[in-house]
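This report concerns only the one structure given below.
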Amino acid sequence: MKIDKEVNFIIEKLNENNFEAFMVGGCVRDIILKKTPKDFDITTSAKPQEIKSIFGKTIDTGIQHGTVTVVLNKKNYEVTTYRIDGEYKDNRRPENVIYTNSLKEDLARRDFTMNAIAYHPNSGFIDYFSGREDIERKLIRAVGDPNQRFNEDALRMIRAIRFSSQLGFEIESATIDAIKNNSDLIQYLSIERIRDEFVKMLLSDYFENFELFAALNLAEYIDENLNIYIQKNSANIIKYIPFAKKDIIVRLAVFFYKYDIDEIENILKFLRFDNKTIKQLKIILKSFSVYVDANFYSVRKEIYKIGYENFEKLLEMHKSIANAENIRVFNVYINKLERIYKKTKNKNYVLSLKALDINGQDLSAMAKGELIGDALNYLMMMVIKYPIFNKKQILMRLAAHYIKRN
């Protein structure tokens, strides 16, 4: 079991000062699943000010809710006091927290049993809610009353499906019923939190479990247009996504590839995706319907138009759909395009105006205004077709002929 030495140090220091301390949450779940935790959370009977007095460098990240970040060896570790959550008024965060000396009370407030397990390097697992048994059964089950858990934080409903998609676990029937009963609370969540869960679902290993998200009609409380699209296309979405590379642009492109590009832009803006992602996605989706001949000139021309990175993602999009549909002839074509692309990239061909061995200033004695731009574009096409032409002397002669003709 691989645990950061800093985590052991934090737990030991708290214990030395007569406080309980345990690893808790997702890191414990990952250890049981034999996965490497991305981060470690620690829960303790020590109060925030007591935590701060024990460790040299700390950050008050969420001190109002009992969380102090301990900084060791330039790494951050969240240490949170045992607590009972106060009243939830926004279906997101408690209005206040009440500190407790009971680990069980602290674990009882958590979302799912698999995330309500504590672990101590010496005494092992503390599991009041049969979380390890649920992990063995590959089951997602709310801690205590699922209706109460979802009323406290409505995002937990989407997180249940996200965990199902990431881990390949089923959701327990009472927990599903509670999602049905409380799904309207999703409308009160911040769009950013929903987007983050949506992205994690898109990049998951068991995306077929997204079917439950569609079946429960959860997007109805997020965006009407998104919900209509999912209801109409969920079968294809679930069919294609598992074949797509785990790249958010590629998977977004596959997710939305049957949708109107302008509508996609509206949905992504609503979900607060950044402008770079939206722009890149639009380029790829517009290029998806463009046929590119499987030869060096056509491929280099398309790369010049959309860029190396976008062309590579476009190929990945094509491959995922072709593989899902098992279209052998199309796969042969895409594989040929990919071989040409890789050779083009490896040879570092000139595929931008900036890389031409000539510029507008060089042509100013021969032409003015738009004709200079037209000439440069002509020269770019010539270099794309004949890379050896990218020498100033050759380009000047070609430019002179072009300008004379025009």
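Taking E170 as the reference, nothing meets the salt bridge (Lys or Arg N to Asp or Glu O under 4.0 Å) condition, with sequence neighbours excluded. With sequence neighbours left out, R339 forms a side-chain hydrogen bond (donor to acceptor under 3.5 Å, both in side chains) with no residue at all. Every side-chain hydrogen bond (donor to acceptor under 3.5 Å, both in side chains) that T61 has, sequence neighbours left out, goes to T69. For the side chain to side chain contact (heavy atoms under 4.5 Å, CB included) test, residues two or more places apart in sequence or in another chain that qualify with Y206 are E208, N209. Checked against side-chain hydrogen bond (donor to acceptor under 3.5 Å, both in side chains), S204 has no partners two or more places apart in sequence or in another chain.
Residue pairs meeting the side chain to side chain donor-acceptor pair (under 3.5 Å) criterion with at least one member in residues 240-250, sequence neighbours excluded: D205-K246, Y240-E325, D247-K313. Note on residues 280-293: pairs passing side chain to side chain donor-acceptor pair (under 3.5 Å), not counting sequence neighbours, are E265-K282, Q280-E309, Q280-N310. Among pairs with a residue in residues 29-45, none fulfils salt bridge (Lys or Arg N to Asp or Glu O under 4.0 Å), at least two apart in sequence or across chains. Sorted by first and then second residue, the side chain to side chain donor-acceptor pair (under 3.5 Å) pairs with a member in residues 358-370 read D362-K392; sequence neighbours excluded. Here salt bridge (Lys or Arg N to Asp or Glu O under 4.0 Å) pairs that include residues 134-148, with residues two or more places apart or in two chains, are D134-R137, D134-R141. Among residue pairs with one or both ends in residues 176-187, none qualify as salt bridge (Lys or Arg N to Asp or Glu O under 4.0 Å); sequence neighbours excluded.
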Item to check | Chi angles and distances behind the side chain to side chain contact (heavy atoms under 4.5 Å, CB included) call for K343, F296 | outcome: CA-CA 9 Å; K343 287 181 181 178; F296 276 94; 3.8 Å; yes
Next on the checklist: Is there a ring-ring contact (aromatic ring centres under 6.0 Å, His included) between F169 and F163? Walk through the geometry before answering.
Outcome noted: CA-CA 7 Å; F169 286 14; F163 280 128; 9.1 Å; no
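A parallel orientation is assigned to the rings of F288 and H318, their planes being inclined by less than 30° (bins at 30° and 60°). Using a 30° and 60° split on the angle between ring planes, Y378 and Y402 fall in the parallel class, below 30°. Note on ring orientation: taking the six-membered ring where Trp is involved, the planes of F210 and F213 are parallel (angle under 30°, cut-offs 30° and 60°).
Side-chain contact of N225 with Y259: a donor-acceptor pair under 3.5 Å is absent, judged by distance alone.
The nearest pair of heavy atoms linking F273 to I278 is O-CD1, 3.6 Å.
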Cut-off 3.5 Å, no hydrogens considered: what does the side-chain donor-acceptor table look like for residues 347-355, sequence neighbours left out?
residue, atom, partner, partner atom, Å
S352, OG, A355, N, 3.4

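In this structure, the side chain of D127 does not engage the main chain of I117 through any donor-acceptor pair within 3.5 Å. Remark: the backbone N or O of I161 is paired with a side-chain donor or acceptor of S165 at under 3.5 angstrom.
The one candidate from N236, N233, I241 that meets the side chain to side chain contact (heavy atoms under 4.5 Å, CB included) condition with F255 is I241.
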